[in-house]
Protein chains: 2
Amino acid sequence: MGKGEQTRQAILDEAFSLASCCGVGGLSIGVLAERTHMSKSGLFAHFGSKEELQLAVLRESQQRFADVVLRPAFRQPRGLARLRAIVINWLDWTKVANLPGGCVINAAAAEFDDQPGPLRDEVKHGLLALRRTLVETVVKAVEAGELRPDTDAEQLAFELEGIYQVTQQSRRLLDDPDADRRALAAFDRLVRDHAVIQTKE
Amino acid sequence: MGKGEQTRQAILDEAFSLASCCGVGGLSIGVLAERTHMSKSGLFAHFGSKEELQLAVLRESQQRFADVVLRPAFRQPRGLARLRAIVINWLDWTKVANLPGGCVINAAAAEFDDQPGPLRDEVKHGLLALRRTLVETVVKAVEAGELRPDTDAEQLAFELEGIYQVTQQSRRLLDDPDADRRALAAFDRLVRDHAVIQTKE
DNA sequence: GACACGAACGAACGATCGTCCTATAAAGCG
DNA sequence: CGCTTTATAGGACGATCGTTCGTTCGTGTC
């Protein structure tokens with residue numbers, strides 16, 4: 001890795017955790033230069049525009065999400081075990097990754113959902129990819145006979161995303177110590193509702 | 001209502017819809033002055049600081065939410081009917097109120113959840129109030145015999161909030177035309193799971 | 001040793017930000 | 001009406017924003 005790539009990555013590391021606190025839109029070249037002990041212009045040259053920097057942060061965020069949440073979960077056997085692993089890792093990933101201020105992409109989703117442009121497109125792309133992964137995982141659990149054949153996989157992914165979001169809000173804003181427990185309870189209820197018909201209770 | 005109150009309210013109206021698009025943190029005195037055909041200083045004098053303006057917008061938002069979502073729903077008889085009315089109004093309220101860019105408070109929740117100060121406090125207060133209202137409504141449904149006695153009202157409110165948030169994201173960012181249908185499906189499943197034990201299916 | 005190249009810097013740009021001060025215009029009231 | 005209070009405008013402030021320019025430094029190549 002050449003010198004350029006190296007510092008670019010160092011900048012992205014810092015930008016990543018900065019964006020976690022200030023939002024992708026709240027990123028500032030000046031502040032970022034200060035934190036990386038560089039000049040604004042020197043830093044700027046690595047990206048060419050602020051928007052390009054923001055896009056890089058969003059892509060970085062997606063990659064880390066895949067590394068920290070999805071890849072480890074995919075070592076679980078396909079089906080419910082894998083789905084559960086995704087959810088567990090997902091709920092914890094702001095602690096595992098360097099995300100003092102919460103998930104970058106999720107914050108960006110609220111920030112750019114009504115502002116057309118490359119940033120919104122990137123966020124949308126990332127969240128759609130996650131939705132697809134969830135749907136596929138659910139489908140495999142159905143094929144494995146762990147969930148009922150008439151399970152609506154997209155509906156299940158939809159509700160999983162809801163659990164995630166309210167958990168984040170409860171934890172981060174409402175300081176609710178029960179958030180994680182409630183999240184797991186909601187997940188269990190979701191799975192139980194779609195479990196194959198139990199012969200006896 | 002004196003002249004002062006009048007223009008102050010006009011400013012708040014504009015600030016409200018502007019904040020819907022740019023976020024409460026993205027509010028700008030200059031832009032707001034332009035839109036209200038006032039000078040920056042003339043507008044500024046009504047609030048004394050930007051933070052005070054932002055707080056006023058948050059309070060305005062809470063009040064409108066109560067007017068548009070809660071008050072009408074409370075005309076329904078207590079119990080499931082009222083809970084359902086709240087959810088329906090809630091899901092629609094960004095269309096009913098003048099919120100082209102989505103719910104102000106919800107966006108502010110993601111924006112300020114890691115930035116201590118009066119703004120975060122105000123957002124937290126508003127969302128906690130909503131949670132309490134949801135919990136109370138659920139409790140009344142239990143008392144009315146429409147939900148099982150062992151229903152965890154706070155858990156139910158938690159999951160309702162999740163349904164709301166994922167619905168907003170699906171609609172606004174992912175352009176999912178099925179979001180409303182899925183939201184109602186999730187709500188129905190939630191209620192069915194806590195319904196009194198059916199004698200026969 | 002001459003040269004080319006990428007990386008980083010320092011300075012400045014116009015724009016916009018929130019805020020403050022002072023003067024003028026309008027409104028409310030006796 | 002005149003007087004007092006309030007509401008608004010105009011202008012300027014220091015700061016920060018993203019961006020551009022020209023220059024310098026260090027490294028590696030012929």
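Below, chains carry the letters A, B, ... as their sequence lines are ordered, and counting in each starts from 1.
Rounded to whole Å, atom P of D:dT27 lies 19 Å from atom CD of A:Glu5. Between the CG atom of A:Leu32 and the P atom of D:dG18 there is a distance of 10 Å, rounded to whole Å. B:Phe47 has its CZ atom 11 Å from the P atom of D:dT8, to the nearest Å. In this structure, B:Leu43 atom CG and C:dC20 atom P are separated by 15 Å, rounded to whole Å.
Under the 4.0 Å criterion applied to side-chain N and carboxylate O atoms, B:Asp188 and B:Arg84 are assigned as salt-bridge partners.
A:Arg78 CZ: 12 or fewer foreign heavy atoms inside a 6.0 Å radius. For CD of A:Glu34, the number of neighbouring non-hydrogen atoms (other residues, nucleotides, ligands) closer than 6.0 Å is 12 at most.
At the phosphate of C:dA8, OP1 or OP2 sits under 4.0 Å from a side-chain N or O atom of A:His46. OP1 or OP2 of C:dA8 lies within a sub-4.0 Å distance of a side-chain N or O belonging to A:Thr7.
Looking at A:Ser170 and B:Glu161, their side chains never come closer than 4.5 Å, going by heavy atoms from C-beta outward.
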Collect all protein-nucleotide pairs involving nucleotides 15-17 of chain C in which both atoms are nitrogen or oxygen and the distance is under 3.5 Å.
| from | atom 1 | to | atom 2 | distance (Å) |
| --- | --- | --- | --- | --- |
| C:dC17 | OP1 | B:Ser28 | OG | 2.7 |

Detail all sub-3.5 Å separations between protein N/O atoms and N/O atoms belonging to nucleotides 21-30 of chain C.
none

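For A:Glu159 and A:Gln155, the side-chain atoms include at least one donor-acceptor pair closer than 3.5 Å.
Within the structure, the side chain to side chain donor-acceptor pair (under 3.5 Å) test picks out the following pairs touching residues 100-114 of chain A (sequence neighbours left out): A:Asp113-B:Arg172.
Of the residues near DNA chain D, B:Met38 and A:Phe44, the one whose nearest nucleotide (by heavy atom distance) lies more toward the 5' end is B:Met38. Across the interface with DNA chain C, nearest-nucleotide mapping of A:His37 and B:Glu51 shows A:His37 to be the residue nearer the 5′ end.
Checked against side-chain hydrogen bond (donor to acceptor under 3.5 Å, both in side chains), A:Asp13 has the following partners two or more places apart in sequence or in another chain: A:Gln9, A:Arg64. In this structure, the ring-ring contact (aromatic ring centres under 6.0 Å, His included) partners of A:Tyr164, at least two apart in sequence or on a different chain, are A:Trp90. For A:Lys124, the side-chain hydrogen bond (donor to acceptor under 3.5 Å, both in side chains) partners at least two apart in sequence or on another chain are B:Asp175.
Within 4.0 Å (heavy atoms only), B:Ala45 reaches at least one base atom of the nucleic acid.
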